[in-house]
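Any value given below was found using the heavy atoms of this structure, including those in side chains, with hydrogens, waters and symmetry copies removed. Since we're looking at a predicted model, the values are computed, not measured. Naming: A, B, ... by sequence-line order, numbering from 1 per chain.
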Protein chains: 2
Amino acid sequence: MFQNICVKAFQTVTSITLYQYVFKNKGTKLRHMGALLLTSGIATYTANKYKAEMATAVIETSNFMAKPITDIKKLSQNPNDMKTKMELLIMRIQAEVCHALEAEEDKDTRFQVDRWERPEGGGGITCVIQDGQTFEKAGVNVSVVQGHLPPAAVQQMRARGKILQDGPLPFFAAGISSVIHPRNPMVPTVHFNYRYFEVQNTDGSVQWWFGGGTDLTPYYLDEEDSKYFHRTLKKACDKHNKKYYSQYKAWCDDYFHIKHRGERRGVGGIFFDDLDTPSKEETFKFVETCAESVIPSYIPLVQKHKNDPYGYSERQWQLLRRGRYVEFNLIYDRGTKFGLYTPGARYESILMSLPLTAKWEYMHTPNPQSKEWNLLEVLRSPRDWLGTEGAEK
Amino acid sequence: MFQNICVKAFQTVTSITLYQYVFKNKGTKLRHMGALLLTSGIATYTANKYKAEMATAVIETSNFMAKPITDIKKLSQNPNDMKTKMELLIMRIQAEVCHALEAEEDKDTRFQVDRWERPEGGGGITCVIQDGQTFEKAGVNVSVVQGHLPPAAVQQMRARGKILQDGPLPFFAAGISSVIHPRNPMVPTVHFNYRYFEVQNTDGSVQWWFGGGTDLTPYYLDEEDSKYFHRTLKKACDKHNKKYYSQYKAWCDDYFHIKHRGERRGVGGIFFDDLDTPSKEETFKFVETCAESVIPSYIPLVQKHKNDPYGYSERQWQLLRRGRYVEFNLIYDRGTKFGLYTPGARYESILMSLPLTAKWEYMHTPNPQSKEWNLLEVLRSPRDWLGTEGAEK
């Protein structure tokens, strides 16, 4: 939080006194251990106005997984630009989530960190654990890209109601996207994605919006887990608008729908897109609260179940459900499609969401009344997890 | 062949004297053991005209995996209708391929046969071996469906140049589709699909076309296998048009393209669509020859490699390549999309093409000069397998 508050307080940044990176090379592993000290003009907010004063401030980036995508100087010079704020938010959340996940792993399992650049503009940082003790595959990816919208993307945006002019439209997108596939079938998979989008019209005006969500995909249903997860998300939503949770819970159930099977991907969560009210600043704060709720909503479930006993048949069921996850992501997911259709896209980062292993058995049907069947029933008819509880809290 | 020739010779069919099915129920397993004897009016072709004579003929269906989708009486009454001819062709090919595959299995492994009906019209017969000794997953599916084209399908057809009127257009489609995933990584996967399509315009006129192809996806490159496979397909093509092989070989390389990876799915084969020249009869004969070339092009490769030694790393590579197979089928394959977007589609039959198990490792890259790398090079730059050989034969 500190780093972000500092940046928000900046009015001008006059010089960078220390800009240091330490790279630990371990195979393809890369870790940014840098710290950035900025001697800068800072504005302190007074009761009635911003007042520029010369001062020295520290932007703490030592916890980031790698140096930000945008040049530090540019970020420093535009601290109030939403592009800067979103990039710093996703860098921070990436690091916090990676560190929280590493804390659940054996001490030798650490995220592989790949910082990549996109020839057409921008880049990303992809962090992956593969074949860990707790996580079979965990990916946390940030990307900050700009360029011109590919025609397929324009078509996709128009189809959902965006009014976009003809011609090559410059865009900017910054987002964090993550899928965590644990090894133990009793630990659910989680996915989250928060993103900020700007498209510049030919008259120079800019359309902006935020999108995102967090959703849970258990292999075995633990109703307490689902309620806890939804309750944590609801608390985050309620801080900003009492209507958000129920709206975005419904949108999530609607979006993560494997239509050909008539099943939801999991027990839901929240999902929203094209959010551009009440204001850019308010929407950002809502997205920030949501992103900050990922760790408290999910890590307790990992801790609760990561040592649960399980056997061959639970593993087989987990692999079959992972096949359904692949079906959703490759057939329906808008983010995956947008990514793969974008020229110069880094497909390894987009497809990091796929599980390490998945299965497809022809005509697999669990026995009625089995635990596997219980899960299917919820996937076929999404529940209002917080029914009475939601009203109370 | 006999059965088809008999049917072609029919002019009128007056009665069905024997129509008998024996169902062996073994779980969900169903096997059609029926024979159909028709006492019918047969036309024998003379030098200058058809001459109707009363006679008794036998349509041998005892080898079919189940009874045809269309009512036998209707088929008998319309022996020269292309819809009938195509249905009987795909029923015969399905049975021949299933029997040829079963001959490579241990004697207890037999195809599970599911005959299904589509509420909107038509149905299919899905034959699957799962977890066999030779075949990890093998599916051979026929479907004969009619109804009205869903808007997504009309859009897809228009996008590739079909001129279709507005309004609900009645269609008929009959096809066979198969994917064989062997267990041994030294045995390639094969896919084939042959189909006939009719769309009725609002003025009553009918557009028809054939499509299809056969293609090979090895996990380890055996150049002799690729050449043998292509040579067998070329022989089939050459019987009908000397230009077909090179045209349809190129189309296959173009179609089975995993665009985001810049890789072909395999070493190719032949692929064509929208074929409606020189005549309906000639095109059918070409499709028949292609479908008949599946067994001779593929089964010898199974026999050659099914007992090859392999170890853990070869199995892991096979699973990764199967992940790529899933990517192609779910992201790009037109047939899969058309299927899943068709209301009332039997998704289990469409997705039977997916392997039993697949893997996705982040940033997996084989060592240069390894056998795995050799395969990748061919997938990135398709070869002209019959270069000089093709010209000789």
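Looking at B:Ala358, the atoms closer than 4.5 Å to chain A (heavy atoms on both sides) sit in the backbone and in the side chain alike. Only the side chain of B:Leu351 comes within contact range of chain A, with heavy atoms under 4.5 Å apart.
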Chain A to chain B donor-acceptor contacts, backbone plus side chain, under 3.5 Å:
unit_1	atom_1	unit_2	atom_2	d
A:Asp114	OD2	B:Tyr362	OH	2.7
A:Gln130	OE1	B:Tyr362	N	2.6
A:Lys137	NZ	B:Trp360	O	2.7
A:Arg346	NH1	B:Tyr362	OH	3.0
A:Arg346	NH2	B:Tyr362	OH	3.3
A:Glu348	OE1	B:Met363	N	3.0
A:Leu356	O	B:Trp360	N	2.9
A:Ala358	N	B:Ala358	O	2.9
A:Ala358	O	B:Ala358	N	2.9
A:Trp360	N	B:Leu356	O	2.9
A:Trp360	O	B:Lys137	NZ	2.7
A:Tyr362	N	B:Gln130	OE1	2.6
A:Tyr362	OH	B:Asp114	OD2	2.7
A:Tyr362	OH	B:Arg346	NH1	3.0
A:Tyr362	OH	B:Arg346	NH2	3.4
A:Met363	N	B:Glu348	OE1	3.0

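Between chain B and the residues A:Leu356, A:Leu354, A:Ile331, the largest count of heavy-atom pairs under 4.5 Å involves A:Leu356.
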